Amino acid sequence: MALNVFDNDEYRPPVWKSYLYQLQQEAPHPRRVTCTCAVDNRPKYYGREYHGMISREEADQLLSVAEGSYLIRESQRQPGTYTLALRFGNQTRNFRLYYDGKHFVGEKRFESIHDLVTDGLITLYIETKAAEYIAKMTINPIYEHIGYTTLNREPALKKHMPVLSKDVPEGKEPPAEEGTLEERLTSLVRRATLKENDRTPKYEKVHNFKVHTFRGPHWCEYCANFMWGLIAQGVKCADCGLNVHKQCSKMVPNDCKPDLKHVKKVYSCDLTTLVKAHNAKRPMVVDMCIREIESRGLKSEGLYRISGFSDLIEDVKLAFDRDGEKADISVNVYEDINIITGALKLYFRDLPIPVITYDAYPRFIEAAKLTDPDERLEALHEALKLLPPAHCETLRYLMAHLKRVTQNEKDNLMNAENLGIVFGPTLMRAPDLDAMTALNDIRYQRQVVESLIKNEDILF
């Protein structure tokens, strides 16, 4: 295994492991066994590899010519269903074959039978040859050496870019890479070089992994092993771009640091994802709207109760999505303060996970049902502990603002009860409850927000 030596205080690039890549190169190639005679009722999505209703024994005989040979037959036991017969390991393996616009035998969908067989042979070969290796590949990950544990150090990162180095045996050339080294290591370089702002809370965030098809050879950024297969070789975090095996994704810590290039909008974006992407304590929408409202709108009658013109509220939303913190929401552009309050309420309504999360929702409702004031406060205090840090900080900031709104009740006519009616359904939504239960919860939602406003200085 090749190693690169750096000074003790410098970032050490990962050493990519090529063993699984080499196995993929050695895997049997697909060999289609074609049917030489006419076959009645052949499905239009199968080609000459379809042999009609033949027995397992006949299929076995036809496939005995070579490893990787395959054909499709109609099941004799269940007419109308189809079987992919594949030669691997000197025996014929049979798989129920499905088609819904794409071909599949498991989770992966393929455009062609040839691609399905190619991927299947790679998977069978690697999982047969390297079963023990795969089972242990998460034991000694590189992730902890390149992840956020390195962020608070002061190495000379600018002097060196990571060097790709694989354990390629003598006499073998390393595999060709798709794109430049810098492009392929983008998320790793970000993780090793991003500096934390000491004033910004280190919010925990789960990675948003999605199954992904990688073009060209790719290595797992958790275990440093090759990601094998033709398609859907692993998963990619939609927020920070981290690429890992599906099985490795279960081991990755909840330390996603979103990259702005992956966060395409402000509204409808997960709250924690947004604040981590912008390295902020709270969403900029909340900060900017509240600053604007407090600078010129605290005495406005019916503040938050009166709706602004919906088309202009949508304009504010588009401005934040397009320009982020550079969005202009000043009086020069939006004279009516109700447009700004409407945009703030819309932001909270559009959150995929409400400020008061679905997980914490029942505890807040239970707290609101308590009649003893001291018990209710204690229950609310405990419920707040269930919120993710970014949600709790946003709620604290909003409640402090709404408290200031109530202090101007003489002019704006908005007390804590009125604001609770407005913000209850905005900040908390019932998680999959039936319509009647959700309707009954509305009064408790109001009471939760009302109590949070009145006791903001005690609870937060």
Side-chain angles (χ1 to χ4, degrees), residues 267-268 271 282-283 285-314 316-317 320 329 334 336-358 360-361 364-365 367-369 376 380 383-384 387 391-431 433 435 438-457 459-460:
Y267 278 67
S268 302
L271 193 153
R282 297 172 297 273
V285 179
V286 177
D287 280 5
M288 291 175 64
C289 286
I290 286 178
R291 280 200 301 268
E292 193 66 27
I293 292 162
E294 295 200 351
S295 70
R296 60 184 172 102
L298 282 180
K299 297 184 184 297
S300 177
E301 184 177 329
L303 189 68
Y304 284 113
R305 180 177 56 79
I306 297 174
S307 300
F309 187 45
S310 58
D311 283 359
L312 292 178
I313 291 172
E314 190 66 24
V316 175
K317 172 183 174 179
F320 275 115
I329 58 172
Y334 302 103
D336 183 4
I337 197 63
N338 297 311
I339 294 167
I340 308 304
T341 61
L344 180 59
K345 290 186 292 183
L346 179 61
Y347 171 75
F348 289 128
R349 286 198 302 273
D350 277 0
L351 285 173
I353 299 174
V355 175
I356 294 178
T357 62
Y358 295 121
Y361 180 92
F364 279 91
I365 295 297
K369 292 178 180 179
R376 178 184 289 188
L380 284 173
L384 286 168
L387 296 179
H391 285 243
C392 193
E393 166 59 22
T394 300
L395 186 62
R396 180 202 65 77
Y397 190 73
L398 176 64
M399 292 303 109
H401 161 66
L402 295 181
K403 184 75 167 283
R404 291 189 287 274
V405 172
T406 64
Q407 291 167 354
N408 289 271
E409 181 187 353
K410 182 179 177 180
D411 297 300
N412 60 39
L413 307 181
M414 296 299 290
N415 58 26
E417 183 179 354
N418 293 335
L419 291 168
I421 293 170
V422 173
F423 278 95
T426 302
L427 298 177
M428 53 195 305
R429 299 193 293 273
L433 298 181
L439 193 61
N440 290 334
D441 278 359
I442 289 177
R443 68 189 179 108
Y444 297 118
Q445 293 171 356
R446 171 184 62 78
Q447 290 172 12
V448 166
V449 175
E450 183 180 346
S451 295
L452 292 174
I453 294 171
K454 288 180 176 178
N455 300 284
E456 167 268 331
D457 55 336
L459 289 170
F460 294 95

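All residue numbers refer to positions in the sequence shown, counting from 1. Not measured: the values here are computed from a predicted model.
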Item to check | Derivation of the side chain to side chain contact (heavy atoms under 4.5 Å, CB included) call for Val449 and Phe364 | outcome: CA-CA 10 Å; Val449 175; Phe364 279 91; over 6 Å; no
Item to check | Working for side chain to side chain contact (heavy atoms under 4.5 Å, CB included), residues Gln447 and Glu417 | outcome: CA-CA 8 Å; Gln447 290 172 12; Glu417 183 179 354; over 6 Å; no
Next on the checklist: Does Leu402 form a side chain to side chain contact (heavy atoms under 4.5 Å, CB included) with Phe423? I'd like the steps, not just the answer.
Outcome noted: CA-CA 10 Å; Leu402 295 181; Phe423 278 95; 3.8 Å; yes
Next on the checklist: Pair Met399, Leu427 - check side chain to side chain contact (heavy atoms under 4.5 Å, CB included), show working.
Outcome noted: CA-CA 11 Å; Met399 292 303 109; Leu427 298 177; 3.7 Å; yes
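Here the shortest heavy-atom pairing between Arg376 and Ala367 reads CG-O, 3.4 Å. Here the closest heavy-atom approach between residue Leu271 and residue Pro283 is recorded as CG-CG, 3.9 Å. Scanning all heavy atoms of the two residues, the minimum distance from Ala416 to Thr406 falls at N-CG2, 3.6 Å. Across all non-hydrogen atoms, the minimal contact from Gly308 to Asp336 is CA-OD2, 4.4 Å.
Considering CE of Met428 and CG of Asp441, their distance stands at 7.5 Å, rounded to 0.5 Å. Note that the CD1 atom of Ile337 and the CD1 atom of Ile306 stand 12.0 Å from one another [nearest 0.5 Å]. Rounding to the nearest 0.5 Å places CD of Glu301 at 10.5 Å from CE of Met414.
Counting only distance, with no hydrogens or angles, the side chain of Arg446 and the backbone of Gly420 share no donor-acceptor pair below 3.5 Å. Remark: the backbone N or O of Leu303 is not paired with any side-chain donor or acceptor of Asn412 at under 3.5 angstrom. Judged purely by atom type and a 3.5 angstrom limit, Thr341 uses its side chain to pair as donor or acceptor with the backbone of Asn338.
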Output side-chain donor-acceptor pairs under 3.5 Å for residues 342-357, partner residues at least two apart or in another chain, one line each.
from: Lys345; atom 1: NZ; to: Tyr304; atom 2: O; distance (Å): 2.6
from: Asp350; atom 1: OD2; to: Lys317; atom 2: NZ; distance (Å): 3.4
from: Thr357; atom 1: OG1; to: Ala360; atom 2: N; distance (Å): 3.4

Side chains of residues 289-296: which donor-acceptor partners sit under 3.5 Å, not counting sequence neighbours?
from: Glu292; atom 1: OE2; to: Arg296; atom 2: NE; distance (Å): 2.7
from: Glu292; atom 1: OE2; to: Arg296; atom 2: NH2; distance (Å): 3.4
from: Glu294; atom 1: OE1; to: Arg404; atom 2: NE; distance (Å): 3.2
from: Glu294; atom 1: OE2; to: His401; atom 2: ND1; distance (Å): 2.7
from: Glu294; atom 1: OE2; to: Arg404; atom 2: NE; distance (Å): 2.8
from: Glu294; atom 1: OE2; to: Arg404; atom 2: NH2; distance (Å): 3.0
from: Ser295; atom 1: OG; to: Arg291; atom 2: O; distance (Å): 3.4
from: Ser295; atom 1: OG; to: Glu292; atom 2: O; distance (Å): 2.8
from: Arg296; atom 1: NH1; to: Tyr334; atom 2: O; distance (Å): 3.4
from: Arg296; atom 1: NH1; to: Glu335; atom 2: O; distance (Å): 3.1
from: Arg296; atom 1: NH2; to: Ile329; atom 2: O; distance (Å): 3.4
from: Arg296; atom 1: NH2; to: Tyr334; atom 2: O; distance (Å): 2.9

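Counted by atom type alone, Asn418 and Asn415 present one or more donor-acceptor pairs between their side chains at under 3.5 Å. In summary, the side chains of Tyr361 and Gln445 do present a donor paired with an acceptor at a separation below 3.5 Å, with no hydrogens or angles considered.
Relative to the ring axis of Tyr397, Arg282 places its NZ or CZ within 45° and under 6.0 Å from the centre.
You'll find the side chain of Lys403 reaches within 4.5 Å of the side chain of Asp457, heavy atoms only. Contact annotation: the side chain of Arg305 never approaches that of Ile421 to less than 4.5 Å [non-hydrogen atoms, C-beta and beyond]. Side-chain atoms of Leu298 and Asp411, non-hydrogen and from C-beta on, never get closer than 4.5 Å to each other. A 4.5 Å side-chain heavy-atom check between Leu312 and Val316 finds every atom pair outside the cut-off.
When Leu459, Val448, Leu419 are each tested for a side chain to side chain contact (heavy atoms under 4.5 Å, CB included) with Ile453, only one passes: Leu419.
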